[in-house]
Amino acid sequence: MLDKMKIWKSTKEPDTLDDRIRECLNYKIPNHIAIIMDGNGRWANKRAMPRIAGHHEGMKTVRPITRLCNRLGVKVLTLYAFSTENWIRPKLEVEYLMKLPEEFLGTFLPELIEENVQVQMMGDRSQIPAHTLSAVEKAVQETAHNDGLILNFALNYGSRSEIITAVKSLADEVEKGNLSANEINDTIFSSHLMTGHLEDPDLLIRTSGEIRLSNFMLWQLAYAEFWFTDVLWPDFSDAHLIEAIEAYQKRSRRFGGLQSEET
Ligand code: V0D
């Protein structure tokens with residue numbers, strides 16, 4: 001009877017989260033995962049709590065997701081923390097949000113350093129409050145030599161403005177005679193974006209049921225797999241990330257032509 005149980009178990013899908021993580025590691029892990037961390041305000045509303053309580057809870061979710069990505073061997077995790085469109089939110093909410101990087105890093109930076117994580121930031125630095133920017137820059141400097149997971153925060157980031165900036169800098173190079181307009185191609189264009197040093201995301205995750213990009217990495221997501229879930233970001237757990245990666249691994253990726261990626 002016990003033997004039968006064992007045989008039955010071994011032929012079933014892996015069941016515990018740890019089993020699923022190990023199973024996942026037999027297939028292609030996305031090199032770069034990008035996440036739109038949506039639903040923090042809604043999480044708070046549902047509990048009759050202020051929106052900032054949802055943002056705080058959402059901040060706490062970043063930690064286990066970063067840890068799991070590192071364990072899986074993901075190379076880059078890009079998190080959309082604050083968009084260029086978020087400034088129109090109530091002043092107090094924006095002020096609270098701008099304190100979250102300091103709180104997050106004050107709590108977790110020692111662990112991130114311990115785990116060999118490299119913190120990076122992309123976005124327009126010019127409008128970010130000095131106290132926020134200096135906390136982020138300090139973390140960037142202190143982890144610059146780490147060669148584990150790159151934890152890339154999109155902060156005051158907007159994709160169209162990133163693209164316009166790239167176009168202007170290319171036009172500048174052409175004007176100076178360093179480049180001919182004719183030479184411009186995908187590779188050269190990509191190198192002028194804020195992600196010039198990173199590979200494009202393989203997997204985009206957006207939580208909280210919205211099915212849109214909201215001006216996030218429009219160029220870089222050209223070939224990514226998209227995973228949308230109704231789960232609110234503060235509720236997003238390791239099991240949800242594994243579910244997204246399992247779905248990614250099941251899809252055959254075709255780059256719009258004959259060239260296909262192996263699993
Ligand atoms: C609020 C859910 C971590 C999204 C996550 C300034 C909305 C929690 C950071 C963070 C935010 C940013 C940079 C850094 C370290 C941590 C963060 C903001 C919002 C906006 F170097 N969470 N987080 N930044 N939220």
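Atoms within each ligand, like the ligands themselves, are counted from 1 in listed order. Since the structure is predicted, the reported quantities are computational estimates derived from the model, not experimental observations.
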So, Q120 versus H197: side-chain donor-acceptor pair below 3.5 Å or not? yes
Interfacing atoms of ligand 1 (cut-off 4.0 Å, heavy-atom, F82): 20 (C)
Give the contacting part of L155 toward ligand 1: side chain, backbone, both or neither, where contact means a heavy-atom distance below 4.0 Å. side chain
Just to confirm my output: which protein heavy-atom neighbour is closest to atom 9 (C) of ligand 1, and how far is it? F153 CE2, 3.8 Å
Closest protein heavy atom (residue, atom, distance) for atom 22 (N) of ligand 1: M59 CG, 3.9 Å
Can you tell whether the side chains of K138 and E142 come within less than 4.0 Å, N to carboxylate O? yes
May I ask you to test the N40-E57 pair for a side-chain heavy-atom distance under 4.5 Å? no
May I ask you to decide whether R20 forms a salt bridge with E246, counting only side-chain N to carboxylate O separations under 4.0 Å? yes
Under 4.0 Å to a heavy atom of F104 - the qualifying atoms of ligand 1, by number: 15 (C), 16 (C)
Which residue and atom name correspond to the protein heavy atom nearest atom 6 (C) of ligand 1, and how close is it? L97 O, 3.4 Å
So between I52, V136, T61, L151, whose heavy atom ends up nearest atom 21 (F) of ligand 1? V136
Quick note on ligand 1: atoms under 4.0 Å from a heavy atom of G58 include exactly 5 (C), 8 (C)
Please determine if R251 and D202 form a salt bridge, counting it only when a charged side-chain N lies under 4.0 Å from a carboxylate O. no
Applying a heavy-atom cut-off of 4.0 Å, say which part of N40 lies close to ligand 1: side chain, backbone, both or neither. side chain
Looking at ligand 1, is there an atom of it that comes within less than 4.0 Å of some heavy atom belonging to M121? no
Are a donor atom and an acceptor atom from the side chains of T107 and R63 found within less than 3.5 Å of each other? no
Closest to atom 24 (N) of ligand 1 among protein heavy atoms sits A81 CB, 3.5 Å
Is it the case that more than 12 heavy atoms not belonging to Q127 sit under 6.0 Å from its CD atom? yes
The test is side chain to side chain contact (heavy atoms under 4.5 Å, CB included); show your working for M49 and H56 and say whether it passes. CA-CA 11 Å; M49 288 160 87; H56 192 264; over 6 Å; no
Give me the nearest non-hydrogen protein atom to atom 11 (C) of ligand 1 as residue plus atom name, then the distance to 0.1 Å. L100 CD1, 3.7 Å
